[in-house]
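All remarks here apply to the structure that follows.
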Amino acid sequence: MIGDGHLELLFIEGNGASLNIDRTEFVLSEGIYLTGQLKTEGELCLFPETKMHFIKLYQWANLFISRFPFFDLSNTVIPLSELNTSLNTRLSHFNPSNEIEYILNTLLAEFDEHAKVTNDYASIRYSCLLLATSDSDFSSRKKELLNKLSISDKTLESKFKQHVGLTPKQFSLTVKMRRIMEDLIYKRTDYSLSRLALEHGFFDQSHFIRSFRSLFKTSPRQLDVETYFVPDSQESFRYYTIH
């Protein structure tokens, strides 16, 4: 598994699972968890007779879940009860296998309530949408963001680390790398490295390869895409069965 700039709520039914991230193993029993931002790849193992449900959150939804510094949750998984006891209790009443609509409605109600009083909501939402829809480097968008939001570079980075869990530069790179992986898996096109670098806003091929290695620990040519679980972001909803 690789990150895509989002955090996710993870519902586990049954015997549990384990998640290995950067040589750290998290053993997850039945319950509800929040996954932090992945700065590297993670290896997921489902135990027998286990169901796992992922609900992907908008990047700014973290503002409505907890005031915990999400940068400290990078490459980790934490029980939702430790971040928001009230929300965890309400969601625990529902079975994600057949009551997913009730879970989503509960989350939407929670977010709508907090959006009215959360100071950083507008600035984080605007920043994430801009960086997530652009294949240019964050450095080329930084001046535009700072002018639009009337804040300093240091303040923007601090807000991102607190609420998103990554710096703006890390967030921009994570989104681009996820798109590259989806191109390789779903478009099934024999891309040259130069073309991939150009289409996704890298300065040159060497810059692209260095950035790629920072996430996947290997070169683009050596990557085995079949070993990765990467849902297509163009699909709004899908069930996966893993054997």
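Because the structure is a prediction, the values reported are computed rather than measured.
Side-chain contact, S97 with E13: a donor N or O sits under 3.5 Å from an acceptor N or O.
Closest heavy-atom contact between E30 and I12: CG-O, 3.0 Å. A pairwise comparison of heavy atoms in L63 and D120 identifies CD2-C, 3.5 Å as the closest pair. The shortest heavy-atom contact between I124 and H163 is CG1-CD2, 4.1 Å. Across Q59 and V164, no two heavy atoms sit closer than the pair O-CG2, 4.2 Å. Nearest approach of H93 to E99, heavy atoms of both residues: O-OE1, 4.0 Å. The heavy-atom pair separating F160 from T167 by the smallest distance is CD2-C, 4.2 Å.
Aromatic ring orientation, F70 versus F68: perpendicular (interplanar angle above 60°, classes split at 30° and 60°).
In the hydrophobic clustering of ILVMFWY residues, with side-chain heavy atoms under 4.5 Å counting as a link, Y126 and F138 come out together. Hydrophobic clustering of Ile, Leu, Val, Met, Phe, Trp and Tyr side chains at less than 4.5 Å, counting indirect connections, unites F171 with L146. With hydrophobic clusters built from ILVMFWY side chains whose heavy atoms lie under 4.5 angstrom apart, L104 shares a cluster with L9. With hydrophobic clusters built from ILVMFWY side chains whose heavy atoms lie under 4.5 angstrom apart, W60 shares a cluster with I55.
Using modelled atom types, no side-chain atom of N15 and backbone atom of T50 make a donor-acceptor pair closer than 3.5 Å. In this structure a side-chain-to-backbone donor-acceptor pair under 3.5 Å is present from N84 to I65. A donor-acceptor pair under 3.5 Å links the side-chain atoms of S92 to the main chain of N88, judged by distance alone. Looking only at distances, no side-chain donor or acceptor of T76 sits under 3.5 Å from a matching main-chain atom of L73. Of the possible polar contacts, one joining the Y33 side chain to the S29 backbone as a donor-acceptor pair under 3.5 Å is found. Of the possible polar contacts, none joining the T106 side chain to the L91 backbone as a donor-acceptor pair under 3.5 Å is found.
A 6.0 Å sphere centred on NZ of K56 holds more than 12 heavy atoms belonging to other residues, nucleotides or ligands. Counting heavy-atom neighbours within 6.0 Å of E49 CD, excluding the residue itself, gives a total of 12 or less. Atom OH of Y102 sits in a sparse spot, with 12 or fewer heavy atoms from other residues, nucleotides or ligands closer than 6.0 Å.
Taken to the nearest 0.5 Å, the CG atom of L19 stands 8.5 Å off from the OG1 atom of T35. Annotation: the span from E41 atom CD to I21 atom CD1 amounts to 11.0 Å, rounded to 0.5 Å.
Here F64 and Y121 bring their ring centres to under 6.0 angstrom of each other.
Counting heavy atoms from C-beta outward, P168 and K142 have side chains that stay 4.5 Å or more apart.
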